[in-house]
Asks: 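Here it is, the structure in full.
Sequence lines set the chain letters: A, B, ... in the order given, protein chains first and strands last, and positions in each chain run from 1.
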Amino acid sequence: MEARVRVLNAAPPRKGARYVLYWLQANRRVESNHALAAAAHLANHLELPLVCYEMLTYRYPYASDRFHTFILEGVAETARRMRAVGIGYCFYLRRRESNPDDIPRDLASHAAAIVTDDFPTFLAAGHNAALPATFDIPYHAVDSSCVIPMNCFDKREYAAYTIRPKIKRQLARYMIPAGQVRVERRFKEPLPAWRTEVRAEEIPALVASCDIDHSVPPSLDIRGGRAAAEKRLRHFLEHNLRRYALLRNEPSAKATSGLSPYLHFGYISSLEAALAARDYAERHKLVAEEFLEELIVRRELAFNFARHMRWPPTLDDLPEWARKTLARHSTDTRAYVYTREQFERASTHDALWNACQKELLVRGVIHGYYRMYWGKKVIEWSRTHEEALETMVYLHDRYALDGRDPNTYTNILWCFGLHDRPWQERDVFGTVRYMSLEGMKRKTGVNSYVEAMNRLAS
DNA sequence: ATCGGCTCGCGCAA
DNA sequence: TGCGCGAAGCCGAT
């Protein structure tokens, strides 16, 4: 467990406190949650009950109906499951400027210690970098996102082949269930009045009442919540695990897990998905190898990169060979040049690219394989490499349910050569790997995907 | 349909 | 110091 914990403030626990506070920033679940388990352990040790605080504010970048809905869809269930095990769960929806914003401080003033999620991007990364020193109590950040804790890798890894053997060596030690959360003292005080109780039928009205971007609608077909995540995993294991190795790069086969939004918002942990896949494969004489490679090796390579990159991501974070070759080709003539707005509206000359963008606009995800094509083409058709990066980050931050995630930024920078190797030199890309529409047509069912996305978006 | 070259640098064997 | 090989490819030769 120690490897999962970063002690960001080592003050002694407050005497005479009423509870230990778990500030839920990333892991929206009771099950397979090392951070919650660590908080419960500390509460038991201090002979105090445990309070879980989760908040959703109107004012973070790209807050919209899409993200608010996906988060609110999980709240009632998290409340039920937390309270069932004796944790005082309080969710707070800060809808607009006039709502109080000092609730975390107020909660912390009665807490013996704060335990929270260690997450290397976006809001949680900012909070955990800036806030620990402003409290006079212990502040622990616990990594419950990775199978092998991020802290086990002290340096920035160069590529999948450098991190893979390190992961394989330690896998047996960490591929064990996180264990049930057990609190010895139930939280018995009345729950505070400022909390927001969320009922499913009230979510549209709640979202409408927030001072956020109402022009990005909820995902057409991806619903938030723990039960939805469990259902998605079960469906994947029963129908697609056996097809995954062969068909994961064929988008129209729908053979991928579809777990990325649930992993990003913490409705499910990669550890429990990995354990479930391994056990299911064992019982049914299947091979889970390829799925586990993506779920563990490549995802944790992305967390390793996110830990070390600056914010926001820039081309300076690329390996030297990629920076140099891109610089040499910075002024190459582009065959097409589109603005951010043209990309956003899915109005390029390329029907496959537009279909990918439509899936992002309507569903909030792009198939993993096509996302690489999508990214390579933004590089090819942007005025500069820097502008291409800005466009990709903007479109993912604003529309992707699996955006703002280490995986997203790593996937975007992979398009510029991160974790990859050089290939044959050509215009605009230099020696960075190129992907062509011809290749996509040869290897995947482009037409059926384009037709499906046009139907969805109409 | 299949194959080799393209091109760089990490990590390990020696 | 040498060598094998890598986050999902392309292209031209056969």
Asks: Excluding sequence neighbours, so at least two apart, what forms side-chain contact (heavy atoms from CB on, under 4.5 Å) with A/Glu73?
Replies: A/Thr69, A/Phe70, A/Ile203, A/Arg223

Asks: Look at all strands and tell whether A/Tyr369 reaches a base, only sugar-phosphate, or nothing, counting heavy atoms closer than 4.0 Å.
Replies: base

Asks: May I have the distance from A/Asp420 (atom CG) to B/dG9 (atom C1'), rounded to whole angstrom?
Replies: 13 Å

Asks: If the cut-off is 4.0 Å, is A/Lys376 near the phosphate of C/dC10, judged by side-chain N/O to OP1 or OP2?
Replies: no

Asks: Both distances under 3.5 Å, Watson-Crick or G-U wobble: report the partner of B/dA1, or none.
Replies: C/dT14

Asks: Could you tell me how far apart A/Phe153 (CZ) and B/dG11 (P) are, to the nearest whole angstrom?
Replies: 13 Å

Asks: Would you mind classifying the nucleic acid contact of A/Arg426 as base, sugar-phosphate or nothing, using non-hydrogen atoms under 4.0 angstrom?
Replies: sugar-phosphate

Asks: Please report the distance, rounded to the nearest Å, between CD in A/Glu157 and P in C/dG6.
Replies: 16 Å

Asks: Does A/Arg164 make a side-chain N or O approach to OP1 or OP2 of C/dA7 shorter than 4.0 Å?
Replies: yes

Asks: Kindly say if A/Thr162 contacts the phosphate of B/dC10, meaning a side-chain N or O under 4.0 Å from OP1 or OP2.
Replies: no

Asks: Measure CZ/A/Arg298 against P/C/dA7 and give the value in whole Å, please.
Replies: 7 Å

Asks: Among side-chain atoms of A/Ser347 and A/Gln342, is any donor-acceptor pair under 3.5 angstrom?
Replies: no

Asks: Check the distance between C/dC5's C1' and A/His419's NE2 and give it to me in whole angstrom.
Replies: 17 Å

Asks: Please report, rounded to the nearest Å, how far the C1' atom of C/dA7 is from the CH2 atom of A/Trp374.
Replies: 18 Å

Asks: Using the P atom on both, measure B/dT7 against C/dG12 and round to a whole Å.
Replies: 15 Å

Asks: Write down the distance separating the C1' atoms in C/dG4 and B/dA14, rounded off to the nearest Å.
Replies: 14 Å

Asks: Mind running ring-ring contact (aromatic ring centres under 6.0 Å, His included) on A/His396 and A/Trp374 for me, showing each step along the way?
Replies: CA-CA 12 Å; A/His396 269 87; A/Trp374 176 94; 5.0 Å; yes

Asks: Identify which nucleotide among B/dT7, B/dG9, B/dG11 has an atom closest to any side-chain atom of A/Trp321, counting heavy atoms from C-beta outward.
Replies: B/dG9

Asks: For A/Trp414, report the nucleic acid contact type (base, sugar-phosphate, nothing); a contact means any heavy atom under 4.0 Å.
Replies: base

Asks: By the 4.0 Å heavy-atom rule, please label A/Thr325 as base, sugar-phosphate, or nothing.
Replies: nothing

Asks: Across all strands shown, which nucleotide pairs with C/dA7 by Watson-Crick or G-U wobble geometry, both distances under 3.5 Å?
Replies: none

Asks: Does NZ or CZ of A/Lys376 come closer than 6.0 Å to the centre of the six-membered ring of A/Trp414, within 45° of the ring's axis?
Replies: yes

Asks: Give the rounded distance in Å between these two atoms: CD of A/Gln424 and P of C/dC10.
Replies: 12 Å

Asks: Could you tell me the separation between the OH atom of A/Tyr161 and the P atom of B/dC10, rounded to a whole number of Å?
Replies: 7 Å

Asks: Under 4.0 Å between a side-chain N/O of A/Arg442 and OP1 or OP2 of C/dG9, yes or no?
Replies: no

Asks: Expressed as a whole number of Å, how far does the P atom of C/dG6 sit from that of B/dG4?
Replies: 16 Å

Asks: Does NZ or CZ of A/Arg323 fall inside the cone over A/Trp321's six-membered ring, less than 6.0 Å from its centre and within 45° of the axis?
Replies: no

Asks: Quick one: sort the A/Trp381 and A/Tyr336 rings into parallel, tilted or perpendicular, breaks at 30° and 60°.
Replies: perpendicular

Asks: At under 4.0 Å between heavy atoms, what does A/Met372 touch on the DNA or RNA strands: base, sugar-phosphate, or nothing?
Replies: base

Asks: A/Glu294 near the nucleic acid: base, sugar-phosphate alone, or nothing, with a heavy-atom cut-off under 4.0 Å?
Replies: base

